[in-house]
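Structure record follows, encoded as structure tokens.
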Amino acid sequence: MNIFENYLSQIIKLIKLNKDVLKLQNLDNLKNVNLEVPPAHINFDLSTNISLVLSKANKINPNNLANNIKDLLLDKITHFDKIEVAGPGFLNIKLSKEGIISNINDIFKNRDVYGSKKSNEKYNIEFVSANPTGPMHVGHCRGAIFGDVLSNLLLFNGNDVVKEYYINDYGNQIKNFVESVYLRLREIKFKEKFVAKEHLYPGNYIKDIASKIIKKNENIKINNFKDSFEKLKELSLEGSMLLIKNDLKQLGIVHDNFFSETNLVKKDLVNKAVKELQSKNYVEKGYLDPPKGELTKDWKKIKRLIFKSTTFGDDTDRALQKNDGTWTYFANDVAYHSDKINRKFNKLINILGADHTGYIKRISAAVTALSDKKVELNCKVCQLVKLYKDGKPFKMSKRAGDFISVQDLLKEVNKDSIRFMMLSRSNDVELDFDFDKVKEKTKDNPVYYVQYAYARINSIIKTLDKNLSDNIIINSESFNLNEYEKKILRKIFEWPKIVESASYKFEPHKIPFYLYELSTLFHSYWSKGNEDENFKFIEKGKIKRSESLSFIYLIAIVIKNGMKILGVSTPEKM
RNA sequence: GCGUUCGUAGCUCAACUGGAUAGAGCGCCUGACUUCGGAUCAGGAGGUUGAGGGUUCAAAUCCUUCCGGGCGCACCA
């Protein structure tokens, strides 16, 4: 339980007990009451809107109520030292010395898990799921890191999390990919010239995959594409997935499960899923209207199986069968999600690229239908990454094969910078990724700024011949905080709140922002010593005040916990 | 046309499921290095939160109508 939850529950308990004294009849909207960090210019530790919320429901003056609550809290909660009624009726609270020390000790006790909030859900989080037709490019990077960090965040809170990659190894794109490998194989073996056609993959990595296949399978039959397809598909996919897994590994991402679309079809899971939808009466055999937007050439009016996704708010019903009667990509995906439900996950998360926004309604509808509204599917969309180099936009073209791969990126920038940078914006906003900035080792590059704060802390600890895992004992007799330390402490107390809101809305970007702010406070705290001797931490190799030592430790604990969630290293020296 | 998403300082973005005087970084201006590591710090200027209307003690946040940008709109994947 964090500091806010702890005190809020105490406050609410007291209000309930003293309902009559406070002349409150209606306590229905107590859930709207919050306890939070006051704005920066207000010199208090906590702030609550309780009298504003309750005065409305009970039609009484918020200021009078606030004063009554103030007296009650000061009387009953020993950790509260001073309370002021401010603005329209906020209660600002200062903690007593015992309160502060008790909360600090709590942090030292919890250490690695400080900030986590116990939760016990079973999550499946699907991310990356890049087509297995080649290595990853920069565009995949954002969703990959977003998904990984979100997983870390949910794990930090004690949830059960399975990180999953859906391999789209079925359908036309794969066929084209395998054909490209096939032609490269013939190029190597029969010296046939590879003729680049529109539907084929031009990249050099196809050659690499082909030559690896030949090395391992000298006698592979490639006389006829149709006959060798199955075997070749298996080998080609092995090759491309190896590339992708290597890219992911270098970014610090490891999936728990790779789920193959082909297997889904082989195991007949699609039939089963469609039958299940049919039994629930969400499928009909009928005609779809032609698409509304631009005219499409190949549209045909054919009777086919249709999922009635409009029942759940989709714009139009969706086809489960193609013209030739085989299943659509969507039908397969329905089966995949049905399988997730059958594996007893109660929370599903999909991380998608911006170009899949239009897909969310139909797949959510399918999950709702299949689970009888019991399982929640949350789709998070990562907007585009715009690359900049030398101040100019850097265009990519996948068709021409001149896209920037994750490998290209890693050649220039380290993993830590990439991860931190990719999370430095909310996922639903486009992100400018500037090659030059991300290489800088200055304040312009926030990852170094945060790492540097941590390294500085370590340099102090080393000077004192101490260890970060040491137990800090706070001497309550002489414990006295200066203004900077009070500011820092409030920030430290805020950490659990940041974790909570980041997990609640699936918005991991709040963590880098917070860590940056915390680091700012630290660098400023540190620099006070440059201006004023009295603020130096160390004198003749010894710590001057035990308070400052405990603060350094607190900051280090939080930075470490935060960076661990981000999957970014915290070097002790830089 | 429909859906979706965004619009906040010159630029790039925050703002904790409606809170107090809307905050950072960059850029610009001023200052601090025989340094407890300057990969840093201190200070300053900079705003009608795209526009109008509504809901309420309280709106950048919710509703509504416009305006503008992104993405999507096959039975493809």
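Throughout, protein chains are lettered first and strands after them, A, B, ... in sequence-line order, and every chain is numbered starting at 1.
Ranking rC41(B), rC36(B), rG70(B) by closeness to the Ser524(A) side chain, first place goes to rC41(B). Considering only the side chain of Met574(A), rA39(B) comes nearest among rA39(B), rC41(B), rA77(B). The listed nucleotides are rC16(B), rG37(B), rA77(B); the one nearest the side chain of Lys510(A) is rC16(B). The side chain of Lys361(A) approaches rG3(B) more closely than any other nucleotide in the set rG38(B), rG3(B), rC71(B). When the nucleotides rG38(B), rC16(B), rA15(B) are ranked by their closest atom to the side chain of His509(A), rA15(B) comes out on top. In this structure, the nucleotide among rC76(B), rU4(B), rG37(B) sitting nearest to the side chain of Thr357(A) is rU4(B). Listed nucleotides rC36(B), rC76(B), rU12(B) differ in distance to Asp432(A); the shortest reach to its side chain belongs to rU12(B). Across rC16(B), rA14(B), rU40(B), the shortest atom-to-atom separation from the side chain of Ser527(A) is found for rU40(B). When distances are taken from the side chain of Gln173(A) to each of rC16(B), rA20(B), rA77(B), the shortest belongs to rA77(B). Here rA20(B) is the nucleotide among rC16(B), rC57(B), rA20(B) with the atom lying nearest to any side-chain atom of Asn92(A).
A distance of about 31 Å separates the P atoms of rC28(B) and rG69(B), rounded to the whole Å. Nucleotides rU8(B) and rG47(B) place their C1' atoms 8 Å apart, quoted to the nearest Å. Distance noted for atom P between rG25(B) and rA14(B): 16 Å (whole Å). Distance noted for atom P between rG52(B) and rC67(B): 15 Å (whole Å). Taking the P atoms as reference points, rG27(B) lies 13 Å from rC41(B), given to the whole Å. Nucleotides rA60(B) and rG7(B) have their P atoms positioned 14 Å apart, rounded to a whole Å. Straight-line distance between the P atoms of rA24(B) and rA20(B): roughly 15 Å, to the nearest whole Å. When the P atom is compared between rU5(B) and rA42(B), the two are found 39 Å apart, to the nearest whole Å.
Counting non-hydrogen atoms under 4.0 angstrom, Asn49(A) reaches a base of the nucleic acid. Within the nucleic acid shown, Phe513(A) comes within 4.0 Å of sugar-phosphate atoms alone, with no base atom in reach, counting heavy atoms only. Within the 4.0 angstrom heavy-atom criterion, no nucleotide atom of any strand lies near Thr316(A). Within the 4.0 angstrom heavy-atom criterion, no nucleotide atom of any strand lies near Ile460(A). Within 4.0 Å of Arg304(A), counting heavy atoms only, lies at least one base atom of the nucleic acid. Within the nucleic acid shown, Val37(A) comes within 4.0 Å of at least one base atom, counting heavy atoms only. Residue Pro39(A) is in base contact, counting any heavy-atom pair closer than 4.0 Å across all strands shown. Within the 4.0 angstrom heavy-atom criterion, base atoms lie near His356(A). Within 4.0 Å (heavy atoms only), Ala455(A) reaches at least one base atom of the nucleic acid. Within 4.0 Å of Ala319(A), counting heavy atoms only, lie sugar-phosphate atoms of the nucleic acid but no base atom. Within the 4.0 angstrom heavy-atom criterion, no nucleotide atom of any strand lies near Gly87(A). Within 4.0 Å (heavy atoms only), Ile42(A) reaches at least one base atom of the nucleic acid. Among the heavy atoms of the strands lying under 4.0 Å from Tyr170(A) are primed sugar atoms or P, OP1, OP2 only; no base atom is included.
Both tests pass for Lys528(A) against the ring of Tyr484(A): distance under 6.0 Å to the centre and angle within 45° of the axis. A cation-pi arrangement is present between Lys94(A) and Phe44(A), with the terminal nitrogen or guanidinium carbon under 6.0 Å from the aromatic centre and inside a 45° cone about the axis.
Between Phe156(A) and Trp495(A), the ring planes are tilted. Angles from 30° to 60° get that label.
An OP1 or OP2 oxygen of rA77(B) is reached within less than 4.0 angstrom by a side-chain nitrogen or oxygen of Lys322(A). At the phosphate of rC16(B), neither OP1 nor OP2 sits under 4.0 Å from any side-chain N or O atom of Asn34(A). In terms of phosphate contacts, Trp526(A) brings a side-chain nitrogen or oxygen within less than 4.0 Å of OP1 or OP2 of rG38(B). Here Arg456(A) does not reach the OP1 or OP2 of rC36(B): none of its side-chain N or O atoms lies under 4.0 Å away.
For the residue pair Asn414(A)/Asp416(A), the side-chain donor-acceptor check at 3.5 Å is not satisfied. A side-chain N or O of Arg490(A) and one of Asn43(A) form a donor-acceptor pair less than 3.5 Å apart. No side-chain donor-acceptor contact under 3.5 Å links Ser260(A) and Tyr170(A).
Leu288(A) and Asp317(A) get closest at one heavy-atom pair: CD2-O, 3.4 Å.
With a cut-off of 3.5 Å on both pairing distances, the Watson-Crick or G-U wobble partner of rG3(B) is rC71(B). Using Watson-Crick or G-U wobble geometry with both donor-acceptor distances under 3.5 Å, rA59(B) finds no partner in any strand shown. Of the nucleotides present, none pairs with rU49(B) by Watson-Crick or G-U wobble criteria with both distances under 3.5 Å.
The CG-P distance, from Leu352(A) to rU5(B), rounds to 14 Å in whole Å.
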Salt bridge (charged side-chain N to carboxylate O under 4.0 Å, His left out) between Glu5(A) and Lys117(A): does it pass, once the steps are laid out?
CA-CA 10 Å; Glu5(A) 288 174 346; Lys117(A) 186 182 182 178; 3.2 Å; yes

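Residue-nucleotide stacking is present for His41(A) and rU21(B), judged by a side-chain ring centre under 5.5 Å from the six-membered base ring centre and planes under 30° apart.
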